[in-house]
J.: 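Supplied in structure tokens, the structure appears directly below.
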Amino acid sequence: MPPAPRITVIGTGYLGATQAVCMAHLGFEVLAVDVDPGKIEALASGRLPFYEPGLDTLLVDTLATGRLRFSTDFDDAAAFGDVHFVCVGTPQSSGSDAADLRYVDAAFGELARRITGRALLVGKSTVPVGTADRLAAMVREMSPAGDALELAWNPEFLREGYAVDDTLRPDRLVFGVTSAWAERMLREVFAPLVADGVPVVVADPATAELVKVAANSFLATKISFINAMAEVCEAAGADVSLLAKALSYDDRIGGRFLKPGLGFGGGCLPKDIRAFRARAEELGVSAAVTFLHEVDQINLRRRSRTVDLVRELADGELQGVRVAALGAAFKPDSDDVRDAPALDVARLLYLEGASVVVYDPQANANAHRAYPDLDYASSLAEAVNGADVVVLLTEWAEFVSADPEDMGVLVAHRRIVDGRSALDVENYRAAGWEYRALGRPAEVGVTRS
Ligand code: UDX
């Protein structure tokens, strides 16, 4: 049997670090490369530069096998790998909705000009459709390897908080390839997953690129759909939680990503739907995805509505009101505050004159870097102590399981806004709390469930 392909991973952010650790865990020799020496130093000594359940211990375990190594040098990467996964970020450009491709272009360029023999460059980053074709031409032009250096696209669908599981047991693998050899190489690299029954879709690179943005657009649309229904419920005096529950029993609709609340944020969904619209415009098909603008707007409106609810509970005036903001991360089990609805609401409350104290079990440090003006507590008890209104912004288990009676002893007023429809309304009411939630009538829970 020929030796297993050697793998490099370029970019050790969230996606790349997970990819490198999981590939080494599967038994491959892996070299992970990043231009940031701080990140490389941390990872090489077994420390994750971000919070991700399970990945920290897997990093330490795979380092101990000797199969996982780190470097800041592209020469090492070019010399080492048969298959190079490019996992660098594609942030939103400043001043436009388009994706900023400078890191992707740089990574492919740095590899291409150093690689001299047969190898496969595999893009995993989320990019505008057409990027792979453009990069393939660029790489062929600049590489001493010429046609022996091929390019493929293999989008990644991992969710923060489930990164290891989503990488080792993905719903599907998508191979965007232009040759039988490229497909063979990818099948070799992913053989352990395919053997476990993970389905593979083999496609052209453009389709592979589109699968990712289409999936994220669908998920964002589903969330905004239920949040649009929440707006209607608010006007009609109906209850969106019961509406969502009833819809979820229809197998064709399903209950996942149908949770009403403060909406989506993070480093992917918001920027990806915006970049998709920008790309569709370039392609002359903007009308096909105009609805994504509405999806974005519905999502953003939930933030101001949450502020409205806090203001209503504070008798119409936020100036000087002490608010306990529970959560800063864009979702639980993450320390990521990029485009976090939670932090945005905390900021809006602060701008209206409220005295806001934020507490997040993992994201306080990142939140403080983003918004140093807000106050941060180091525990739930400290955050709610003396609060006039408590607002749940990220549904961490610690918040959802908190005892309303224990919390009630600490606050100045038992008034809570449930921005994630995550709390047990009956318990809160029984403990004498005034409870308000997005998309639910003020008297929710009094008679129904
Ligand atoms: C997402 C995609 O799920 C993943 O496939 C892709 O690779 C990257 O983007 P992630 O950003 O980690 O993953 O978060 P996800 O779990 O999808 O949640 C996105 C946001 O939607 C969060 O802010 C979450 O709070 C919100 N959400 C999710 C809802 O508001 N309601 C829901 O029903 C589900």
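All ligand and atom numbering here is 1-based and tracks the order in the structure. Just so it is clear, the values below take in all heavy atoms, side chains as well, and ignore hydrogens, waters and symmetry mates.
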J.: Polar-atom distance check: K331 versus ligand 1, any N or O pair below 3.5 Å?
T.: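 Among all N and O atoms of K331, at least one is under 3.5 Å from an N or O of ligand 1.
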J.: What protein heavy atom sits nearest atom 20 (C) of ligand 1, and how far off is it?
T.: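 Result: F264 CB, 3.5 Å.
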J.: Among all protein heavy atoms, pick out the one at the shortest distance from atom 2 (C) of ligand 1; state its residue, atom name and that distance to 0.1 Å.
T.: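 Going atom by atom, the protein heavy atom closest to atom 2 (C) of ligand 1 ends up being N216 OD1, 3.7 Å.
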J.: Does the ring-ring contact (aromatic ring centres under 6.0 Å, His included) test come out yes or no for F330 and F264, once each step is laid out?
T.: CA-CA 7 Å; F330 82 104; F264 59 82; over 10 Å; no
J.: Can you tell me if OH on Y371 sees more than 12 non-hydrogen neighbours from other groups inside 6.0 Å?
T.: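 Enclosed: over 12 neighbouring heavy atoms sit under 6.0 Å from OH of Y371.
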J.: Can you list the ligand 1 atoms lying under 4.0 Å from a non-hydrogen atom of C268?
T.: 8 (C), 9 (O)
J.: Among all protein heavy atoms, pick the one closest to atom 19 (C) of ligand 1 and tell me residue, atom and distance.
T.: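 Here the closest protein heavy atom is L269 CD1, 3.7 Å.
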J.: Any salt bridge between R67 and E29, counting N to O under 4.0 Å?
T.: no
J.: Using a 4.0 Å heavy-atom cut-off, say whether L258 meets ligand 1 through its side chain, its backbone, both or neither.
T.: backbone
J.: I'd like to check which ligand 1 atoms, numbered from 1 as shown, lie under 4.0 Å from a non-hydrogen atom of G265.
T.: 20 (C), 23 (O)
J.: Does the distance from a Lys or Arg side-chain N to an Asp or Glu carboxylate O, for D105 and R134, drop under 4.0 Å?
T.: yes
J.: Quick check on contacts: which atoms of ligand 1 are under 4.0 angstrom from a heavy atom of L219?
T.: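 Every atom of ligand 1 under 4.0 Å from some heavy atom of L219: 3 (O).
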J.: With a 4.0 Å cut-off on heavy atoms, does R420 reach ligand 1?
T.: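 Yes; R420 lies near enough to ligand 1 that a heavy-atom distance drops under 4.0 Å.
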J.: In terms of residue, atom name and distance, what is the protein heavy atom nearest to atom 7 (O) of ligand 1?
T.: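 Closest protein heavy atom to atom 7 (O) of ligand 1: L158 O, 2.9 Å.
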J.: What residue and atom, counting heavy atoms only, is the protein's closest point to atom 28 (C) of ligand 1, and at what distance?
T.: I223 CD1, 3.6 Å
J.: Considering only non-hydrogen protein atoms, determine which one is nearest to atom 17 (O) of ligand 1 and report residue, atom name and distance to 0.1 Å.
T.: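 For atom 17 (O) of ligand 1, the nearest protein heavy atom comes out as F257 CZ, 3.2 Å.
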J.: Assess the side chains of D204 and T207: does a donor N or O sit below 3.5 Å from an acceptor N or O?
T.: yes
J.: With a distance cut-off below 6.0 Å to the six-membered ring centre and an angular limit of 45° from the axis, does R172 pair with F157 as a cation-pi contact?
T.: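 Judged by the rule (NZ or CZ under 6.0 Å from the ring centre, within 45° of its axis), R172 counts as positioned above F157.
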J.: Between the side chains of T8 and H84, does any donor sit under 3.5 Å from an acceptor?
T.: yes
J.: Considering the heavy atoms of E156, write down every atom of ligand 1 situated less than 4.0 Å from one of them.
T.: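 Listed by number with element, the hits are 7 (O).
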J.: Using the side chain to side chain donor-acceptor pair (under 3.5 Å) rule, take T12 and K39 through it: C-alpha gap first, then chi angles, then the decisive distance, then the call.
T.: CA-CA 7 Å; T12 58; K39 264 189 203 162; 5.2 Å; no
J.: Below the 3.5 angstrom mark, is there an N/O of E395, backbone or side chain, next to an N/O of ligand 1?
T.: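 No; every N/O pair is 3.5 Å or more apart.
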J.: How about CD on E282, more than 12 heavy atoms from neighbouring residues, nucleotides or ligands closer than 6.0 Å, or not?
T.: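 For E282, atom CD is crowded (more than 12 foreign heavy atoms under 6.0 Å).
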J.: Please report which non-hydrogen protein atom sits nearest to atom 31 (N) of ligand 1, along with the residue it belongs to and the distance in Å to one decimal place.
T.: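 Nearest neighbour among protein heavy atoms for atom 31 (N) of ligand 1, to 0.1 Å: K259 O, 3.2 Å.
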J.: Whether R159 engages the ring of Y162 as a cation-pi pair (distance to the six-membered ring centre under 6.0 angstrom, angle to the ring normal within 45°) should be assessed.
T.: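 Yes, R159 sits over the ring of Y162.
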J.: Backbone or side chain, does any N or O of F157 fall under 3.5 Å from an N or O of ligand 1?
T.: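 Yes.
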J.: Taking the non-hydrogen atoms of K212, is any one of them nearer than 4.0 angstrom to ligand 1?
T.: yes
J.: Is it the case that atom CD in E382 sees more than 12 heavy atoms from other parts of the structure closer than 6.0 Å?
T.: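 Yes, enclosed.
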J.: Based purely on interatomic distance, does E160 place a nitrogen or oxygen under 3.5 Å from a nitrogen or oxygen of ligand 1?
T.: yes
J.: Applying salt bridge (charged side-chain N to carboxylate O under 4.0 Å, His left out) to R415 and E312, what does each step give before you reach the verdict?
T.: CA-CA 10 Å; R415 303 190 287 210; E312 279 170 31; over 6 Å; no
J.: Determine whether any heavy atom of G266 lies closer than 4.0 Å to an atom of ligand 1.
T.: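 No, that is not the case, since the closest heavy atom of the residue is not under 4.0 Å from the ligand.
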J.: For atom 23 (O) of ligand 1, what is the closest protein heavy atom, and at what distance to 0.1 Å?
T.: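 For this ligand atom, the closest protein heavy atom is F330 O, 2.9 Å.
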